[in-house]
Amino acid sequence: MKRAKCIAAGLLSLCLAIGGSGCAMNEKDDDTYQAIMVTDTGGINDQSFNQSSWEGLKNFRDSTGSTIRYLESKQASDFTTNLDRATDTYPDIVWGIGFSLADSLLQVAAMNPDINFAIIDQSFEETPQNVTGVVFKAEESSFLVGYIAGLSTKTDKVGYVGAMKTFVNDQFEYGFLAGVAYAAAELGKDIEVQEQFTESYSDVAKAKGIANKMFANGCDIVFHSAGGAGFGVIESAKENNKMAIGVDTDQSYLAPDNVLTSGLKNVDVAVESISKMDMDGEEIGGKTFSYGLKENGVGIPEVNKNMDPAVYDKAMEIQEMIINGDLVAPSTEETYNEFIANLNGTK
């Protein structure tokens, strides 16, 4: 039996968002499953993986009647504090959204062995029994959008704006580069890729400035994997009448005439699925779950009004090749270099 879950008045800020499920400041019903998530610094409205994670929890709540809450981190120093606060109501599962929370989550999980924790974009060499890692094959969707960019560019120059060099961003970067290279080889021409990093997930102005420079240098399509900072790339595309490629969610609504497509990372699917598994009593602790094209964890939107239908059809052929294992998208510099060497050998 779970311990009584009492919410003290001092924890009122925990109830930032319930979406109609209520937030009574008294003893919690032990029969009600409770899930809490802690965002990274991008915030709950980042139009990216934090917001997608929250959408997944809301879907989970709507289908199960569970109680859900989130705590928003404004800076990295909030991670440990918020994860610790999340445990005060003895929830069934605490989600950490993003690999940046990994150290803090391990620390808090070690102090709360009776509570399950799960983290997005992180795996561990040795995963504690009350921790679940969730990773995505972002290189697969990034390969698709790179291939689409390569087939769609009119200037033979495209851009990539990342947040910073990390193992997760390597998936986006090298998957995209490989997709562009694959399209270039198919077309029998060279396509230049200009790259730069914002060193931030929230600096919209810097991302916009980088994209402005890329467009001025001849790029007609720029893909970003910079979280909330990537809004600047889309703003720049709109102002320069060029094309941007969104990330994590379908970002076409931000600039309906200037978003070519988006590299989806369906964090909502994973959050909802794993929360349901935990609620149903399945053993999720000590494991890492991986979501790719085959698991509907990544992909591109079905509707892409600014894309040539023939390009979409060809991208779907590539998608099937990846799902079937006939094509492996690189996720690191090493595997990218191997991919390019093999690709050049087939020209």
Side-chain angles (χ1 to χ4, degrees), residues 46-49 136-166 168-184 191-198 200-201 204 206-255 257-265 293 298-301 304 306-308 311-312 315 318-319 329-331 336:
D46 64 350
Q47 312 296 331
S48 189
F49 59 94
F136 296 83
K137 297 177 181 177
E139 68 272 16
E140 295 183 349
S141 54
S142 297
F143 189 99
L144 288 181
V145 301
Y147 179 72
I148 290 167
L151 293 185
S152 302
T153 179
K154 302 296 191 295
T155 64
D156 293 340
K157 294 182 180 181
V158 300
Y160 169 75
V161 179
M164 55 196 73
K165 286 293 290 184
T166 65
V168 172
N169 277 309
D170 279 354
Q171 295 175 316
F172 289 99
E173 178 187 6
Y174 293 113
F176 179 74
L177 292 176
V180 174
Y182 195 89
I191 299 176
E192 176 186 342
V193 182
Q194 300 176 19
E195 299 183 76
Q196 193 168 338
F197 294 85
T198 63
S200 168
Y201 286 101
V204 174
K206 186 171 183 180
K208 184 175 181 178
I210 292 171
N212 281 339
K213 185 176 180 180
M214 288 180 174
F215 289 133
N217 287 340
C219 294
D220 56 351
I221 301 168
V222 175
F223 171 48
H224 85 86
S225 67
F231 293 170
V233 173
I234 296 175
E235 288 178 6
S236 176
K238 186 175 182 179
E239 292 177 6
N240 287 282
N241 195 29
K242 303 295 184 181
M243 285 291 169
I245 296 177
V247 77
D248 293 339
T249 61
D250 183 355
Q251 296 186 323
S252 60
Y253 71 96
L254 293 171
D257 296 326
N258 300 94
V259 173
L260 179 61
T261 188
S262 297
L264 302 182
K265 188 173 180 179
L293 284 172
V298 300
I300 64 172
N304 304 271
N306 298 317
M307 188 190 304
D308 184 332
V311 170
Y312 178 82
I318 296 296
Q319 176 170 290
S331 60
Y336 169 73

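Residues take their numbers from the sequence shown, with the count starting at 1. A quick note: this is a predicted structure, and the numbers were derived from the prediction, not measured. What's counted below: heavy atoms across the whole structure, side chains too, no hydrogens, waters or symmetry copies.
- In this structure, Ser48 OG and Gln251 CD are separated by 6.5 Å, a value rounded to the nearest 0.5 Å.
- Between the Ser141 side chain and the Ala138 main chain, a donor and an acceptor come within less than 3.5 Å of each other.
- Between the side chain of Gln171 and the main chain of Ser142, no donor-acceptor pair closer than 3.5 Å is present.
- Counting heavy atoms from C-beta on, the side chains of Leu144 and Gln319 come closer than 4.5 Å.
- With salt bridges taken as basic N to acidic carboxylate O contacts below 4.0 Å, none links Asp220 and Lys157.
- Here the options are Phe176, Tyr174, Tyr336, Tyr182, the test is ring-ring contact (aromatic ring centres under 6.0 Å, His included), and the partner is Phe143; only Tyr182 passes.
- Proximity of a side-chain donor or acceptor of Gln196 to a complementary backbone N or O of Ile210 within less than 3.5 Å is not detected.
- Residues Phe197 and Thr166 fail the side-chain proximity criterion, which asks for heavy atoms closer than 4.5 Å.
- Ring orientation note: the planes of Tyr201 and Phe49 are nearly perpendicular, at an angle over 60° on the 30°/60° scale.
- Lys242 NZ to Asn258 CG: the interatomic distance, rounded to the nearest 0.5 Å, is 10.5 Å.
- For Ser225 and Tyr160, the side-chain atoms include at least one donor-acceptor pair closer than 3.5 Å.
- Distance alone, capped at 3.5 Å, is enough to place a donor-acceptor pair between the Asn169 side chain and the Met164 backbone.
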